[in-house]
Structures are given as C-alpha cells and as structure tokens.
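For reference, the structure is listed below as structure tokens.
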Amino acid sequence: MMNLDQARQTALLLRNRICAAVKGRDDVIDLVVLALLADGHVLLEDYPGSGKTLLAKTLGESIIDDLPDDDIPSFRRIQFTPDMLPSDVTGVTIFDATTSKFSFRRGPVFAYVVLADEINRTSPKVQSSMLEAMAEKQVTVDNTTHRLDELFFVIATQNPLDLAGTYPLPLAQLDRFLFKIRMSNVSREAELEVLASAHQRRAGIPNDFPRVNRGQIVEARKAVHALVHVAPQIQAGLVDIARGLRADPRVLQGASTRALVMALPALQARAVMDGRDFVTPADVHALLEPVLSHRLELSPDVAVTGGASPIIRNVAGPILEYLARYSMRRSA
Amino acid sequence: MNGHRRESVVVTVLRAVTLVAATLAVTYGLTGPLGMLSAALGAALAALAGGRLARLPPRLPFVWILGIAGSAFALLFRSFVVDRSWAPAIFGIHGTFVATDVVTYGLLAFFVVSVLRISASRVAFFSLLELGAVAIAFASTVAAHRNGAINQPRVLSDWAWTRSIDPTHVLLAIGAAAFVALFFASLREERGRSARVLVHGFAAFLMSALLLLILLRSGAPHPREPEGLVGSKGKGSPKESKGGGGGGGGGQAQNKEQKLEFRDDYATSDEERPVAIVVFQDDYQPAHGYYYFRQNAFSQYSGTRLVSPTMDGMDDDVLSEFPRQATAIANAPAVTDRRHRVRTQVSLMAEHSSPFGLDAPSEITPRASPDPSRFLRAYDVVSAAPIPTTALLGRAAGFSRWSSGVRAEYLMTPSDPRYKSLADDIVTKTLKEEYRQDPFAEATAIASWMGKNATYSRKSAHASATDPTADFLFGDKVGYCVHFAHSVALLLRARGIPSRVAAGYAVEEGRRGNGSSLMIEARDAHAWAEVALDGEGWLVVDVAPAHTLDPPPPDADRDLQKNLGEMARGDKSAGKKDAGEAPSRSFAAVPKIALAVAALVLLVLYGIKGWRRVIPHLASPGQVPRVAYRAALDRIAEAGFTRERDETRESFAERLRPFAPAMAPLTTQHLGSAFGSKMLLPSAEVLRLAREAANSARKKAPFWRVALGTLNPLSWIQTR
C-alpha cells in the first residue's frame with residue numbers, strides 16, 4: 001500500500017496541475033482535490049463564467065486512464081436541462097437488431113470525473129437518478145445494476161441567483177455532497193492574469209505538469225483512510241458540534257450522522273495534504289463550513305439574514321477552542 | 001486620510017473642561033484671580049477651537065514653531081510693557097501688573113493648549129502628550145512634599161491629620177480610586193478585548209502594590225544629612241594641622257575631627273526642609289530670644305581656626321555619637337535658679353552624626369522612633385536651660401576643675417597682635433571702669449560691638465584667605481555666623497576669657513508659637529561663641545547683627561510644625577479623645593496586610609512563571625512537546641504575540657511565521673503528541689525548535705515590549 005508521503009505527492013501533483021490552469025481559485029482547488037482524496041462529491045455554487053468547467057475539465061484531463069479496456073473516459077460533462085430524462089444521464093438499454101439482444105449503452109455518468117452543470121435546472125426525476133449514482137456508485141437501468149468506476153467523482157454546479165425555472169435540490173439530496181463550495185469573486189491580480197494568458201489558453205498550450213494515474217488516486221484514498229489517526233477528542237468534538245447545531249433554535253434540521261461519517265475522510269485528507277499523520281482541530285475548523293453549510297435547514301428569518309456560516313461559527317467556536325486547549329492538558 | 005469625524009459635543013466640552021481645570025491647577029499660585037481667569041479663557045478657547053484649527057493647512061512643525069514663538073512673546077510681553085513709562089501712566093502701577101498678567105497667562109495658555117490640541121487631533125500618538133500634560137499639571141499640585149515631611153496638598157493632609165489618618169493613606173486611596181477609574185474606562189474602550197485588559201491591569205496593580213510595599217518598608221526617601229555649617233564627615237581633610245597647638249593624647253580622635261567650613265556662598269537649595277522636631281514637655285522661655293541646640297564644639301586652635309579638641313577633658317559636655325542607653329552628661333551645668341530643668345523629645349528627620357539637645361543637655365535617653373518611616377531616630381533630653389537673668393556678673397572665667405593644660409588650650413589665640421588690641425579697645429571704649437575685668441560683661445560688650453559693626457551676609461568672600469577670621473574681622477566685616485562666632489571667641493580669648501565656638505541649630509523663640517513643638521529646619525544651622533563661667537557652665541554669646549544683606553527668611557510652616565509634633569509625640573489620636581485606640585490600630589494594619597498579601601500573590605505568580613519556563617528541561621520525553629511548546633508560547637506572549645480566541649494553533653503559527661519560522665514545526669510536534677501522531681521528533685529536537693521560535697520572536701519585538709512582558713508576573717495567563 002501507498003504510504004502517506006506518496007499519497008500527499010499524488011494530491012499535490014493534481015493540485016499543482018489544476019492551479020496552473022485555473023488562476024485565482026487555489027482555495028477551491030484545494031477543497032476539490034481534498035474531496036477527490038476523501039471519496040466525496042462537490043457542489044460548486046457560482047455565477048456562470050467563473051471557471052467551474054475549466055476546473056473540472058482540467059481535473060479530468062489530469063487523470064491518466066490506466067484501464068483502457070473498460071471504455072470509461074476520464075472526464076464527462078452533463079449539461080442539465082428541464083427536458084432531460086434519467087436515461088440521458090445513466091444510459092439506455094437498446095435493442096441490437098443484428099444480435100437480437102438488448103444491450104446497455106452507458107450514459108455520460110460513466111466517467112472518472114463528471115461535471116454536472118447546473119444540476120438544479122433539471123427535474124427531480126433526473127436529479128434523483130444522478131444522486132443514486134453518486135451515493136451508490138452504481139446505476140440501475142431496467143432492473144439491471146451497472147457498477148460505476150471506483151474513482152467516480154462528481155463536480156456539480158448551480159447558479160445561486162438565477163432561480164427562475166429551477167428545481168432546488170432538497171436537503172436530503174444535498175446531503176450526498178461532501179462539500180458545498182461557495183466561490184467568491186477572484187482577486188484583481190488573478191483576473192488580470194486570466195486576461196493575460198487568455199490567448200495562450202485558447203491556443204491550447206500543453207500543460208506540462210505531470211499527470212497521475214487513476215490507480216494512484218484510488219491507492220491514495222486507501223492510504224489516507226488507513227494511516228491517518230483521528231483522535232477520540234476530535235470525533236467527540238465533531239459530535240458535539242453536530243449536537244449543538246441540532247439543539248440551536250435557529251436551525252430547523254441539523255447535520256445528519258452521515259455528514260459526520262463523510263467528514264472523517266475529509267479531515268484525514270486535509271491532514272495528509274498538510275503533511276501530517278493525525279487530524280488536528282484546525283482541520284475541523286477549516287472544513288466545518290464546506291461540510292455543514294448545505295446540510296442545515298435554517299428557520300426562515302435567519303436564512304434570509306445571515307445564512308448558515310455565522311451559526312456554525314457560533315456553535316463550533318467554544319468547542320473548537322476547547323479542542324485547541326485540550327492539547328495543553330496534562331492528560332493529553 | 002482627511003476623514004474628519006465629528007466628535008460629539010459632550011466629548012468636546014468634557015475635554016475643554018479638563019484642559020481648563022489643568023490650566024487652573026498650574027496657574028493657581030502663579031498669578032491672581034484675573035490672571036487665572038484669563039488663562040482659563042485662553043485654554044477654553046484653544047480647546048474648543050483646536051479641532052477647527054487642526055484642519056488648517058500649516059504642517060505640524062510650523063505649528064510648533066508658531067506655538068513656541070507665541071509663548072515666548074507672551075513671556076516677554078511683561079518686560080515690553082512694564083518697563084515703559086506710558087503703561088503705568090494709563091493703568092496705574094497695580095493695574096499694569098494685573099493687565100500684563102492677564103495678557104501673559106491668557107496668551108500662554110492659549111498657545112500651549114492649542115499646540116497640544118492640534119498635535120493630538122492630527123496625530124493620534126500626540127494625544128498621549130496631551131494626556132501627559134494634563135496629568136502632570138494635576139500631579140504637580142499634589143506631588144509637592146512640604147519639604148519631604150508631609151504630603152501636599154494642605155487641604156487634604158491637614159484635614160486627614162486632624163482626623164488621625166495618615167495623609168499618605170488618603171493620597172494612596174485617591175491614587176487607587178483613579179487607577180480603578182482609569183481601569184474601567186479602558187475596559188469600556190477596549191470592549192472585545194476586556195479580558196486582556198483585565199490581565200494587564202491586574203498585573204500593573206500587583207506591580208504597583210509591590211513597589212508600594214518596598215516603599216513603605218524602607219520608608220519614604222529621607223533627606224540627606226544637612227550640610228549645615230559642619231563639613232560632612234567624609235569631606236574633612238584627613239591630615240588636619242599637626243602644628244595646631246600642643247594637642248597631645250588621643251590620636252584616635254583624629255578621624256573624628258570636625259571643623260566649621262568657611263564658604264563664600266553659604267546657601268543651600270532646600271533650606272526649609274525640616275531636619276528635626278523638638279517637643280517640649282516643660283515650660284521654657286529662652287534667655288536670648290533663641291533656642292540653642294548644640295551639636296558640636298570647637299575649641300582647639302589650629303592656627304587658622306577652631307577645630308574639635310583632641311585633648312582629654314575638653315568639651316566633655318558634648319557627645320560625639322548617639323548614646324545606646326540613658327547617658328548622663330559629664331560636667332553638665334547644674335539646675336539652679338538661673339538654669340531650669342527642661343525635658344524635651346527630639347525626633348530626627350535627617351541623618352545626623354551626633355545628638356543635639358536644648359542647651360545645655362544633662363541627660364540623653366534614646367527611645368523608639370514614633371514612626372520609623374518618618375523619623376530616623378528619637379531621644380529624650382533633659383536640659384538645664386538658661387532663663388533670662390542678669391545675675392551672671394562677677395563670675396570667674398573658666399571652670400575650677402580644669403587642668404592648666406586644658407585652660408591653656410581654651411585660651412590659645414593667634415599670634416596676630418591685632419586681636420588683643422581690638423579686644424582691649426572694645427572693652428575700654430564700651431564698658432565702665434568697674435566692669436572691664438568682668439568676663440560676662442566683656443563677652444556681652446564684644447558680642448554687641450560685633451553686632452553693631454559687622455554685616456551679616458551669606459555671600460562672604462573670605463574662604464580663600466589663609467586666615468578667614470582675620471580677613472573678616474580686620475577686613476570688610478561682611479560674613480556669616482561662622483565668622484562672627486570665631487571672631488567673638490578669639491577676641492574673648494585675647495582678653496584671657498576661655499571660650500569656644502559651638503555649632504548646631506538656633507531657632508527663633510517666636511517660631512514655636514503657642515504650641516509645644518518646635519520644628520528645626522535646615523536653614524536653622526548656626527554657629528555661635530560660648531564662654532565658660534565658673535558655676536554657670538558654657539554660656540551662649542551670640543551676635544545679633546544690626547546690618548544684614550540677606551532677605552529676611554520666610555515664615556515657617558506652622559501647620560507642618562504642629563502635625564510633625566503630634567507625629568513625633570506618637571499621638572495618633574491627635575484631634576480626638578483617646579477612645580477607640582485598638583480599632584484604629586487594627587485599621588492601620590489593613591493596608592500592610594493587603595500589601596503583604598499582594599506581595600505573596602506576586603511571588604506565587606512569578607514562581608509559576610519561572611516553573612513553566614524551567615520545566616521543559618526536566619520533563620519526561622512524553623511531556624516535552626507539551627511543556628516545551630507552552631514555554632515557547634509563554635516567552636512569545638512576553639514579546640506581545642498571543643493566540644486569539646478563534647484562532648487555531650496552526651493559524652497562530654502561520655501568523656507568527658515572519659517572526660518565528662520555527663513555530664510551525666513546533667506546533668505540529670505539539671499537536672502530534674496530543675492527537676496521536678506516529679512521526680514525532682526526539683525531545684532534544686523539540687526543545688531546540690521551542691528555543692528557536694521563542695528567541696526569534698523576541699528578537700523581532702521591540703525591546704521595551706519584551707522587557708515589560710518579562711517583568712509582567714501574569715504574562716503566562718495569556719498563553720492559551
């Protein structure tokens with residue numbers, strides 16, 4: 001099995017390659033790579049033209065398909081529209097006249113990295129088929145179950161403002177995403193850099209950062225899961241934060257237990273990216289918002305004014321401070 | 001950055017009131033009511049207009065130059081006007097003075113306050129200057145010490161004293177109240193960071209408590225030994241005149257030899273400083289209008305002057321050091337109808353080398369100082385004090401107990417024949433035939449001749465002469481008491497009357513007033529001649545100069561004298577009946593107990609601080625990442641860097657990266673040991689990281705910050 005250092009190198013290769021292509025989005029790229037390493041999916045919330053597609057595409061291109069026989073491409077993009085059918089995502093069973101047999105034709109969901117663009121524009125039926133694939137890594141068509149690749153990674157996007165004619169994802173489905181990342185406007189310098197290099201990128205200059213194998217990523221996931229220690233205090237802290245959020249009057253529905261289970265690999269992955277073999281309170285501090293913000297249903301008045309972030313900070317603050325001080329205790 | 005925030009009217013008015021009050025505090029004593037009013041108006045105008053003035057274009061240096069020029073003009077204004085004849089012609093003399101005061105102080109206040117105000121509103125830092133100026137203005141009126149005896153201001157200290165409260169405690173209480181007020185004001189100001197302010201404030205409180213404790217234990221700074229007339233011990237030249245007469249015997253007395261200093265300008269800066277307080281326990285009215293307190297006697301002629309004797313049996317009525325037990329003075333004059341028994345208590349407020357008592361002491365008994373922080377030493381004196389009398393005629397000169405050697409020593413004169421001829425001349429010209437051989441009459445005649453013919457001035461010009469006495473007596477006859485005393489003594493000796501020069505203090509009778517206590521001030525140092533009359537002891541023969549070039553001395557502080565007397569008497573319940581002694585004593589112990597507790601707390605805090613600093617080197621390897629990290633945090637906190645409440649340890653280390661790059665790996669080590677890492681460095685390496693992180697952070701911080709932090713006993717509390 002891979003050791004942690006190799007896992008870290010793998011993640012860093014990906015990260016550097018994407019960073020070279022997408023300017024001014026280092027924090028988002030970090031989270032995306034983290035999610036990939038933690039075997040979770042990502043929901044990006046941003047305005048059109050802010051580099052979401054480029055990010056996902058570069059990620060997909062960075063992965064070398066080391067299983068050419070399985071016919072699964074590295075990257076696929078699905079543009080969701082209201083008139084889509086689930087089969088447009090998962091694939092269809094077609095009748096082959098020559099062999100007189102039904103055969104399954106794979107939909108775009110069969111890829112290592114799938115960009116689900118504007119996922120809230122399609123009907124709940126399509127959404128749910130997509131989400132089954134995300135949760136189970138399999139699709140069922142005509143009662144036949146087809147397994148997806150082990151490295152199945154979805155980057156879904158939605159536009160936060162343009163809500164006309166959309167079907168907002170219900171909370172239960174949002175729960176499938178490891179992170180919801182709200183992207184902010186890029187800095188002036190980054191934007192200038194984008195303009196300066198626009199011509200070159202249109203010409204499609206080769207990105208000479210090394211790529212990584214699909215198998216390496218899968219191995220890295222296993223190493224992260226097996227080798228990074230999560231102290232009982234950290235787990236206790238996570239549970240306390242979740243319970244605190246559920247008890248908070250501003251929160252109608254708090255984070256699920258699944259959310260905590262999914263958070264663990266993310267914390268481990270962040271530790272690895274930081275070169276550590278243990279999870280610290282800072283990991284919790286950094287990942288709380290992307291992990292929890294889309295999993296809370298807030299009471300209407302609060303939802304309008306502040307959103308989830310202040311509540312999370314509010315509830316988690318004392319617990320994080322307690323965790324930070326815990327290391328100074330003699331019993332630690 | 002020209003965002004002129006409009007401040008609220010309340011703030012402006014409050015600031016103006018403060019500045020006006022400070023101006024009044026400064027000008028109070030300097031000028032009359034009209035001048036003060038004008039200064040207050042100037043200050044108010046400047047305070048109210050300062051904000052507007054600050055928005056004018058001139059740059060700060062120009063403002064300062066303008067302010068200095070304006071102040072200089074205000075100060076010089078008086079000489080511009082008063083010296084001209086036209087001004088008094090219009091306003092009259094008094095009117096001119098008042099008018100110039102009004103203009104001078106008004107302008108001065110306006111310029112100073114407006115410069116302060118403009119500087120403060122332009123640059124935030126200068127508001128410290130403004131604050132400091134106000135603080136000094138107020139503190140200066142409270143800080144004066146009444147010559148180191150009782151704290152100023154009178155209203156407060158005298159009020160406190162008549163209620164048997166030590167004024168020090170009142171002032172301390174006011175200071176403590178101000179501290180608390182400031183403390184809460186800054187709490188309000190800092191809002192979110194109140195916990196930190198609390199810590200700093202508490203540390204400051206503890207430190208000041210310790211300082212106070214030290215101060216109270218060692219007592220307030222004592223006045224130096226009064227220079228007086230006797231050269232201080234160390235300065236006396238070690239090899240004083242061997243050829244000075246046939247002084248055989250006691251070689252060991254050599255180093256104790258003292259002499260009176262002849263100085264050209266005898267004036268000290270702090271003349272009104274009290275050096276002792278004498279409490280009279282018996283009625284007494286002095287013989288010559290002065291209370292004489294003899295400390296030294298000089299009777300051995302050294303060729304140019306009289307010095308303390310080296311021969312046994314001379315001046316044995318003068319003690320050369322403080323007695324340890326009740327000591328009767330040998331050969332003290334007896335109590336007769338011309339000398340009454342007077343008991344006094346002497347409490348010294350300045351170092352003295354030997355005791356002194358009301359002329360002439362017969363017994364000196366040391367006693368415990370009633371208040372060691374104020375009185376260095378106390379003793380009881382029983383004196384046989386002379387009362388006004390004329391029954392001294394017909395006494396023989398010298399004492400019958402004297403050996404011929406001693407008598408010869410008391411008669412030793414310069415070889416200069418002018419002394420003899422002058423003395424004879426005085427006696428024959430002023431005395432009737434029948435009194436010309438009477439020692440007392442001769443002494444009186446010579447002293448009164450000196451008083452009529454010599455001029456008193458502290459600025460004499462005889463010190464460089466080889467024989468200052470002759471230079472004075474046969475020269476311009478301008479000198480001070482040392483010259484007078486020497487002249488009288490030597491003239492008497494020329495007439496064959498044994499005499500000597502005594503030094504100590506002489507206090508005018510009127511100074512005592514109706515009270516029983518007498519305050520001796522540094523300016524009362526005096527020297528006089530004494531003559532030995534058989535059966536009467538040494539009698540003071542002092543000169544009352546008819547002409548003096550010096551201004552009359554200021555009045556003594558009667559209230560201070562009274563208060564010091566009550567303190568010296570050890571009578572704490574001064575104004576009250578003697579009821580409730582016990583509770584007042586336990587009340588007096590409260591501040592001391594509180595201070596002791598504060599000191600103990602401080603000690604414990606420093607102990608904890610030191611322990612946390614040392615323990616990394618003693619801890620077991622498993623604990624090292626924790627305690628070494630903690631020690632590093634402590635030392636970094638001393639340099640002013642602390643983790644904020646919502647900051648993770650890693651982001652704190654990241655914030656410190658420019659100052660202490662070793663902090664990040666150290667933090668990882670620490671967290672790794674707490675959260676189960678398997679990749680930990682050896683202890684030695686962790687210790688090295690901790691040392692490196694702390695040292696580099698402290699090097700980057702300003703020195704004063706690190707020094708303050710290191711002193712702060714509570715700095716470690718900020719370590720989280």
Side-chain angles (χ1 to χ4, degrees), chain A residues 3-8 27 30 223 226-238 241 264 267-268 270-289 309-332, chain B residues 192 195-196 608 611-612 615-616 618-637 642-657 663-681 686 690 716-720:
Chain A
N3 66 26
L4 283 181
D5 207 40
Q6 290 165 320
R8 177 162 183 255
D27 46 343
D30 276 348
L227 297 180
V228 177
H229 183 74
V230 186
Q233 282 72 33
I234 302 280
Q235 301 185 6
L238 276 178
I241 291 170
L264 282 186
L267 294 173
Q268 289 172 307
R270 188 172 185 275
V272 169
M273 297 271 280
D274 214 26
R276 282 181 273 117
D277 67 339
F278 59 95
V279 173
T280 72
D283 297 328
V284 180
H285 186 268
L287 295 185
L288 265 185
E289 273 189 50
S309 302
I311 300 175
I312 294 173
R313 274 203 298 273
N314 211 322
V315 170
I319 297 166
L320 286 173
E321 184 63 24
Y322 170 81
L323 277 181
R325 292 186 188 200
Y326 164 79
S327 66
M328 285 291 232
R329 296 222 188 143
R330 197 176 171 75
S331 57
Chain B
R196 188 166 299 179
I608 295 175
W611 171 256
R612 288 163 65 112
I615 193 64
L618 311 171
S620 65
Q623 297 290 332
V624 164
R626 183 174 65 91
V627 288
Y629 176 72
R630 191 178 65 189
L633 281 188
D634 280 0
R635 297 186 61 214
I636 289 170
T642 47
R643 186 173 69 87
E644 298 296 330
R645 232 194 124 69
D646 288 333
E647 203 172 22
T648 62
R649 297 202 179 281
E650 283 97 328
S651 46
F652 175 53
E654 199 53 43
R655 183 155 65 86
L656 275 184
R657 189 176 288 282
M663 200 57 200
L666 178 67
T667 305
T668 305
Q669 288 302 309
H670 163 70
L671 291 173
S673 86
F675 292 111
S677 172
K678 294 185 187 69
M679 312 189 301
L680 290 176
L681 293 172
V686 175
W716 54 272
I717 277 189
Q718 303 167 57
T719 299
R720 289 199 280 259

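Every chain is numbered from 1 and lettered A, B, ... according to where its sequence line falls, protein lines coming before strand lines.
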Candidate pair B:Glu647 and A:Glu321, rule side-chain contact (heavy atoms from CB on, under 4.5 Å), full reasoning: CA-CA 8 Å; B:Glu647 203 172 22; A:Glu321 184 63 24; over 6 Å; no

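- There is no contact between A:Val230 and chain B, counting heavy-atom distances below 4.5 Å.
- Contact check for A:Thr280 versus B:Arg649: no side-chain heavy atoms found under the 4.5 Å cut-off.
- Side-chain contact annotation: B:His670 with A:Ser327, donor-acceptor N/O pair under 3.5 Å present.
- Here the closest heavy-atom approach between residue B:Met679 and residue A:Gly275 is recorded as CE-O, 4.0 Å.
- B:Ser677 pairs with exactly one of A:Val228, A:Asp277, A:Val279 by the side-chain contact (heavy atoms from CB on, under 4.5 Å) rule, that one being A:Asp277.
- Taking the side chain as every heavy atom from C-beta outward, B:Leu633 and A:Met328 approach each other to under 4.5 Å.
- For B:Glu654, the side-chain contact (heavy atoms from CB on, under 4.5 Å) criterion is met by B:Arg657, not counting sequence neighbours.
- Residues forming a side-chain contact (heavy atoms from CB on, under 4.5 Å) with B:Thr668 (at least two apart in sequence, or on another chain): A:Arg276, A:Phe278.
- The shortest non-hydrogen separation linking B:Arg643 to A:Ala324 is NH1-CB, 3.8 Å.
- Under the 4.5 Å side-chain criterion, counting only non-hydrogen atoms from C-beta, B:Phe675 is in contact with A:Gln233.
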